[in-house]
**Student:** 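Dropping a structure here in structure tokens format, bear with me for questions.
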Amino acid sequence: MSAATLSPQYRTSLRAIALAAVVYVLAWSLLPPLLSSSLPLDVAESLSWGREWQWGYYKHPPLAPWVLELSYRAFGHVGPFLLSQLFIVATLWLVWRTGCRLMSRERALLGTLLTMGVAYYTRPALEFNHNIAQMPLWAAAGYCLLAALQDGRMRHWVLLGMAAGLGLLTKYSVGLLLATLALYLLLTPERRVLRGAGPWVALAVMAALFAPHLHWLWQSDWLPMAYVQDRASGAGTHGRWDALSFVATQAVNHLPLAVIVLAAWAGTRRQRRAAPLSGRRWQWHGDRAAYLWTVALGPCLLVVLVGLAAGLRVRDMWGVPMWVFSGLLVAAWLPAPWLSALQPRLLRGLAVWLVLISVATGLWLAFGAQWRHRPSRTDWPQAAIAQQALSAWQAQSRCALDSVSGDYWAVGLVAAQLPQRPSVYIAGDPRFSPWITPERLREHGTLWIGLGDDAPVPAGLDALAAQPGMRVQQGQAKIGWPHRSAAEPLAMHWRAYVPAACVRQP
């Protein structure tokens, strides 16, 4: 259906959907930073990495922190929330492009919108992290392989390699999708394309993009692999139960979509009876059913099989990027004679869901700490902590604050809040913060920050305190919580390591 043949009613619907989408994106981008007193945990941590522009970090590859840093520089505290929504918009656009290659444009649009019925695209997207960053790259890989198989053009293979390479630079779990796509090529008649240059060009492009990070992995003694191993380690029955729990969690996150479909189905009983089906009730309305089933369900199935077979601990949030094509699966199965009756109810149900989850999320951000009588990660007094840290340093040093040391949550809050954006020295471990060298510490010093009464000073700072001319001063402060329900003020301990050249004289 070309733009010239779109009916006026269809064009009106598109404009209404576009307007609603703009309002939704703005609401989820602008309101959360107004209702939150601190950045989400993963955002604070990634910002402390991204400002250093490394080819890798001790937990993850570098792409997500890089992009997050750019958004934060451009838009401040709004940036991370806006970035999440833009990544979701990009994901939905790629899903729609994929759907248009598999089914009618009407079904593709409906399936794309129904993707928002998966809960991962709502509340979890408040926290831009490596899982959210994967979403458009999973959708891009699925689209590019489909386009390459349908059209046979080299540019689609090149784009597939780019999507795969950028995906691996975002999070290693993209390998699950790539393994699924590789199995599809090997086990279906599509294997004939392996005789051509396209797949191998895609592989070469992916390798070229990933090579700098691979070199960094080698230089860092494969540091993130220890983190991955720790996250996935599990023994015997516990790991296998985790695999089954993973399936249950993914099903729970699909409950809003299931309720939307069932409500629309129940609400159109009269129309469906008036338009009986000829032939089979359930049939696939589109092309390449095996491909869509594979990219939609294959990665999840692969995770579960590996978890069950090897007893690996499977993390529920690994499923966040896996469900980009769930809405298309639903749209492909809707019976054609009933589509016109079902579509308005499906869209109304989706609108109700998005309004409800938006209001609930806003209320939770605004009043969650009072209701639970304890703060969440977005309820910490970030501005007050950062100001207290800066005041403590300036009282002891006449030089700029170059770095803050401590656990990644405390230093992440301070480093993101202060205008000069000091570097972070995570846990006093040079493996985690290779940009902090002994020479840099001797020249500029550092400020250790501990939140809570049991915050330990990293052992790695003992050698710094012993440096000739290094002045060490410490203190503590009590900081009130933004919400009155948290009765006890937050204890903030600090220790300033000030070089002799920077010591502020009384």
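Fair warning: this is a prediction, and the values are worked out from it, not measured in the lab.
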**Student:** Taking atom types as modelled and ignoring hydrogens, do the side chains of Asp242 and Ser245 form a donor-acceptor contact shorter than 3.5 angstrom?
**Tutor:** no
**Student:** For a 4.5 angstrom cut-off between non-hydrogen side-chain atoms, does Thr446 reach Trp393?
**Tutor:** no
**Student:** Show the nearest heavy-atom pair for residues Trp481 and Pro489, with the distance to one decimal.
**Tutor:** NE1-C, 3.9 Å
**Student:** With a 6.0 Å cut-off on ring centres, are His60 and Tyr227 close enough?
**Tutor:** yes
**Student:** If you look at every heavy atom in Leu68 and Leu83, which pair is closest and at what distance?
**Tutor:** CA-CD2, 3.8 Å
**Student:** In chain order, what residues pass the side chain to side chain donor-acceptor pair (under 3.5 Å) check against Ser173, with sequence neighbours excluded?
**Tutor:** Gln134
**Student:** Within the 3.5 Å criterion, strictly below it, is a donor on His444 or Ser403 matched to an acceptor on the partner's side chain?
**Tutor:** no
**Student:** side-chain contact (heavy atoms from CB on, under 4.5 Å) for Leu63 and Val67? Distances and angles first, verdict last.
**Tutor:** CA-CA 6 Å; Leu63 187 57; Val67 177; 4.1 Å; yes
**Student:** What residues, two or more places apart in sequence or in another chain, satisfy side chain to side chain donor-acceptor pair (under 3.5 Å) together with Gln219?
**Tutor:** His215
**Student:** Is it true that, when you exclude Arg504 itself, more than 12 heavy atoms of the residues, nucleotides or ligands shown sit nearer than 6.0 Å to its CZ?
**Tutor:** yes
**Student:** Check whether any side-chain heavy atom of Leu490 sits under 4.5 Å from a side-chain heavy atom of Pro381, and report yes or no.
**Tutor:** yes
**Student:** Would you mind listing every salt bridge (charged side-chain N to carboxylate O under 4.0 Å, His left out) that reaches into residues 37-66, with sequence neighbours excluded?
**Tutor:** Glu45-Lys59
**Student:** Quick one: list whatever passes side chain to side chain contact (heavy atoms under 4.5 Å, CB included) with Leu356, sequence neighbours left out.
**Tutor:** Val352
**Student:** Heavy-atom distance under 4.5 Å between the side chains of Tyr58 and Tyr408, does that happen here?
**Tutor:** yes
**Student:** Can you list everything that forms a side chain to side chain contact (heavy atoms under 4.5 Å, CB included) with Ala491? Sequence neighbours excluded, please.
**Tutor:** Asp453, Lys478, His493
**Student:** Should we say atom CE of Met206 is surrounded by more than 12 heavy atoms from elsewhere, each under 6.0 Å from it?
**Tutor:** yes
**Student:** Residues two or more places apart in sequence or in another chain: which of them pass side chain to side chain donor-acceptor pair (under 3.5 Å) with Gln250?
**Tutor:** Tyr120, Trp323
**Student:** Using the test side chain to side chain contact (heavy atoms under 4.5 Å, CB included), find all partners of Val457 that sit at least two apart in sequence or belong to another chain.
**Tutor:** Trp448, Leu461, Arg495, Tyr497
**Student:** Evaluate the side-chain proximity of Val174 to Leu137: yes if any heavy-atom separation is below 4.5 Å, no if none is.
**Tutor:** no
**Student:** Spell out, as yes or no, whether a donor-acceptor pair under 3.5 Å connects the side chain of Ser38 to the backbone of Trp380.
**Tutor:** yes
**Student:** Under the 3.5 angstrom rule, does the side chain of Gln85 hit a backbone N or O of Leu26 as a donor-acceptor pair?
**Tutor:** no
**Student:** Kindly indicate, with the supporting measurements, whether the criterion ring pair (Phe, Tyr, Trp, His ring centres under 6.0 Å) is fulfilled by Phe210 and His213.
**Tutor:** CA-CA 6 Å; Phe210 191 66; His213 179 65; 5.4 Å; yes
**Student:** Excluding sequence neighbours, so at least two apart, what forms salt bridge (Lys or Arg N to Asp or Glu O under 4.0 Å) with Arg442?
**Tutor:** Glu439
**Student:** Work out which heavy atom in Arg97 is nearest to a heavy atom in Tyr143; give both atom names and the distance.
**Tutor:** NH2-OH, 2.9 Å
**Student:** Once side chain to side chain contact (heavy atoms under 4.5 Å, CB included) is applied, do any residues pair with Pro32, and if so which ones, sequence neighbours excluded?
**Tutor:** Phe81, Leu126, Leu365
**Student:** Go through Arg471 and Gln396 one step at a time and tell me if the side-chain contact (heavy atoms from CB on, under 4.5 Å) criterion holds.
**Tutor:** CA-CA 9 Å; Arg471 179 178 176 179; Gln396 306 299 325; 4.1 Å; yes
**Student:** Would the distance check show the side chain of Asn129 and the main-chain N or O of Asn131 forming a donor-acceptor pair, the cut-off being under 3.5 Å?
**Tutor:** yes
**Student:** Locate the shortest heavy-atom distance separating Ala416 from Tyr72; write the atom from each residue and the value.
**Tutor:** O-OH, 2.7 Å
**Student:** Taking the six-membered ring where the residue is Trp, are the ring centres of Trp157 and Trp200 under 6.0 Å apart?
**Tutor:** no
**Student:** Is it true that Ser358 and Trp28 share a donor-acceptor pair across their side chains at a distance under 3.5 Å?
**Tutor:** yes
**Student:** Taking atom CH2 of Trp222 as the centre, report whether more than 12 heavy atoms of other residues, nucleotides or ligands fall under 6.0 Å from it.
**Tutor:** yes
**Student:** Return all side-chain donor-acceptor pairs below 3.5 angstrom for residues 425-435, not counting sequence neighbours, or 'none' if the list is empty.
**Tutor:**
| from | atom 1 | to | atom 2 | distance (Å) |
| --- | --- | --- | --- | --- |
| Tyr425 | OH | Gly428 | O | 3.3 |
| Asp429 | OD1 | Arg431 | N | 2.9 |
| Asp429 | OD1 | Arg431 | NE | 3.2 |
| Asp429 | OD2 | Arg431 | NE | 3.2 |
| Asp429 | OD2 | Arg431 | NH2 | 2.8 |
| Ser433 | OG | Val424 | O | 3.3 |
| Ser433 | OG | Ile426 | N | 2.9 |
| Trp435 | NE1 | Val424 | O | 2.9 |

**Student:** Please identify each residue that fulfils side chain to side chain donor-acceptor pair (under 3.5 Å) with Arg440, with sequence neighbours left out.
**Tutor:** Asp402, Ser423
**Student:** What verdict does the side-chain contact (heavy atoms from CB on, under 4.5 Å) test give for Arg315 and Phe246, after you've listed the backbone C-alpha separation in whole Å, the side-chain angles of each residue and the deciding distance to 0.1 Å?
**Tutor:** CA-CA 7 Å; Arg315 300 289 175 174; Phe246 175 81; over 6 Å; no
**Student:** Nearest 0.5 Å, please: how far is CD1 in Ile132 from OG in Ser84?
**Tutor:** 5.5 Å
**Student:** Is it the case that over 12 heavy atoms from other parts of the model lie below 6.0 angstrom from the CZ atom of Phe75?
**Tutor:** no
**Student:** Determine, stepwise, if the pair Trp49 / Trp66 fulfils ring pair (Phe, Tyr, Trp, His ring centres under 6.0 Å).
**Tutor:** CA-CA 8 Å; Trp49 297 337; Trp66 289 353; over 10 Å; no
**Student:** Could you name each residue pair satisfying disulfide (SG to SG under 2.5 Å) that touches residues 377-419, not counting sequence neighbours?
**Tutor:** Cys399-Cys502
